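What follows is a set of notes on a single structure, which appears directly below.
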Protein chains: 2
Amino acid sequence: MPRLADHDQRRKQITDAARRVVARGGLGAATFQSVAAEAGVSVRLVQYYFGTKRAFLLATHRAVVADAGARFTARLATLGADPEPRAVVRAILTELLPADAARREDAVVLNAFHAGALSAGGADGGTGSGAAAADVGAEDTLGAPRYLITAIADQLRRARAGAASSADGDESGDVDLDAELILAAAAGLTQTLLVDASAAERADALLDRLLDRLVAA
Amino acid sequence: MPRLADHDQRRKQITDAARRVVARGGLGAATFQSVAAEAGVSVRLVQYYFGTKRAFLLATHRAVVADAGARFTARLATLGADPEPRAVVRAILTELLPADAARREDAVVLNAFHAGALSAGGADGGTGSGAAAADVGAEDTLGAPRYLITAIADQLRRARAGAASSADGDESGDVDLDAELILAAAAGLTQTLLVDASAAERADALLDRLLDRLVAA
């Protein structure tokens with residue numbers, strides 16, 4: 001038992017180090033060597049725990065997604081037993097936007113995985129950047145945004161259930177489009193917030209306005 | 001006169017090559033050497049035309065923005081003498097989304113500049129990735145999105161001018177927020193379209209829905 005926990009802790013020590021390395025230098029900077037050095041362990045130990053570079057990068061991506069999920073769950077717990085749909089969507093988006101150092105690092109790391117997938121899927125097969133690009137592709141990282149769109153769409157359906165029972169047939173498709181637009185806007189705002197310090201003071205107003213415009217039918 | 005035109009053509013030959021290099025391998029792949037090789041000219045010639053690497057990268061960024069502007073102007077000309085505000089906004093967004101090979105390459109290049117600005121602005125001063133990161137920062141690339149937000153806000157004001165002359169004091173601020181949300185959603189959709197092939201078939205519906213929800217007051 002203590003040994004298993006120890007393994008988990010060691011894996012976390014390594015993926016934490018990988019996140020710092022990727023946040024600083026992009027996906028290309030993450031090698032067995034650089035991450036072992038950052039974690040203060042041997043290259044052999046990183047290889048022992050993760051085997052291939054691909055497995056290692058996927059574990060790093062999963063760790064970021066899992067942390068965002070944990071933060072969201074903790075925030076949701078503060079909303080009471082039957083939270084308003086809008087409050088749930090706000091909680092999801094709040095945990096995605098880079099409003100503090102931890103969420104900023106996570107957003108930068110997710111951005112680096114996106115950039116890596118771009119090179120991997122390039123017209124020439126990604127021969128340009130090589131390295132990390134070939135290891136993790138778009139399909140490996142689309143699970144989380146697709147899940148979030150579904151979760152947001154569920155909340156939009158709840159929000160609109162009362163008002164629109166006289167619905168036309170297009171209702172459901174509209175909800176899915178609105179959910180995807182909400183997540184797209186949050187992703188675009190994240191990009192802006194990462195590079196434009198002046199945007200931070202507008203972030204709350206933008207988030208509220210987005211929900212004002214897109215949660216109701 | 002012919003000499004000036006020749007200079008312009010030579011600069012374009014070089015920035016075109018730089019765009020292909022950056023699209024394939026990210027900002028870090030763009031060196032005097034790699035771009036000279038891609039353009040089929042000497043390193044000395046690239047240095048003669050652009051001097052520093054920073055000047056060279058900025059010229060590449062400007063070339064992408066200028067092409068998007070030219071495409072937008074051409075599209076606008078097809079809309080007639082007094083185009084609807086919604087049609088103008090749609091024309092802007094259409095030229096940003098990566099719906100063909102040229103716009104896809106441009107979107108990838110802009111994405112690479114964004115990623116480079118991230119490393120440059122990192123907490124440790126970007127020591128991780130070095131190379132391109134230190135050369136072009138966020139402030140160098142924020143002009144275009146800020147201009148687009150202003151242009152979209154102008155169209156939203158036109159669209160709402162008739163309906164909302166009984167306006168409360170918040171009107172103008174709401175327009176600015178909506179314009180920023182529209183551009184953010186387009187940026188987020190661009191990120192998705194770059195890596196998720198299945199999103200292409202939804203792109204038009206998403207764009208129309210975005211305009212349905214955010215152009216009117």
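Chain identifiers are assigned alphabetically (A, B, ...) following the order of the sequence lines, protein sequences preceding nucleic acid strands; residue numbering begins at 1 within each chain. Quantities reported herein were computed from a predicted structural model and do not represent experimental measurements.
With a 4.5 angstrom heavy-atom cutoff, L214(B) touches chain A via backbone and side-chain atoms both. Heavy atoms closer than 4.5 Å to chain A are found in both the backbone and the side chain of D196(B). Residue A216(B) touches chain A through its backbone alone, counting heavy-atom pairs closer than 4.5 Å.
Ranked by heavy-atom pairs shorter than 4.5 Å toward chain B, the options A185(A), A205(A), A187(A) are led by A185(A). Among N111(A), L142(A), V108(A), L206(A), the residue making the largest number of heavy-atom pairs under 4.5 Å with chain B is L206(A). If you tally non-hydrogen atom pairs under 4.5 Å between each of D212(A), L183(A), V195(A) and chain B, the highest count goes to V195(A). Of the residues considered (E105(B), E139(B), R202(B)), R202(B) shows the highest number of contacts with chain A, using heavy-atom pairs under 4.5 Å.
At least one side-chain heavy atom of Y49(A) sits less than 4.5 Å from a side-chain heavy atom of L45(A).
The closest donor-acceptor contact from the side chain of Q33(A) to the backbone of V43(A) lies at 3.5 Å or more, if one exists at all. Looking at R104(B), its side chain does come within 3.5 Å of a backbone N or O of L194(B) through a donor-acceptor pair.
Remark: F72(A) pairs with no residue by the ring-ring contact (aromatic ring centres under 6.0 Å, His included) rule, at least two apart or across chains.
Screening residues 61-70 of chain A for side chain to side chain donor-acceptor pair (under 3.5 Å), with sequence neighbours left out, gives R19(A)-D67(A).
Under a 4.0 Å N-O distance rule, the pair R90(B)/D204(B) qualifies as a salt bridge.
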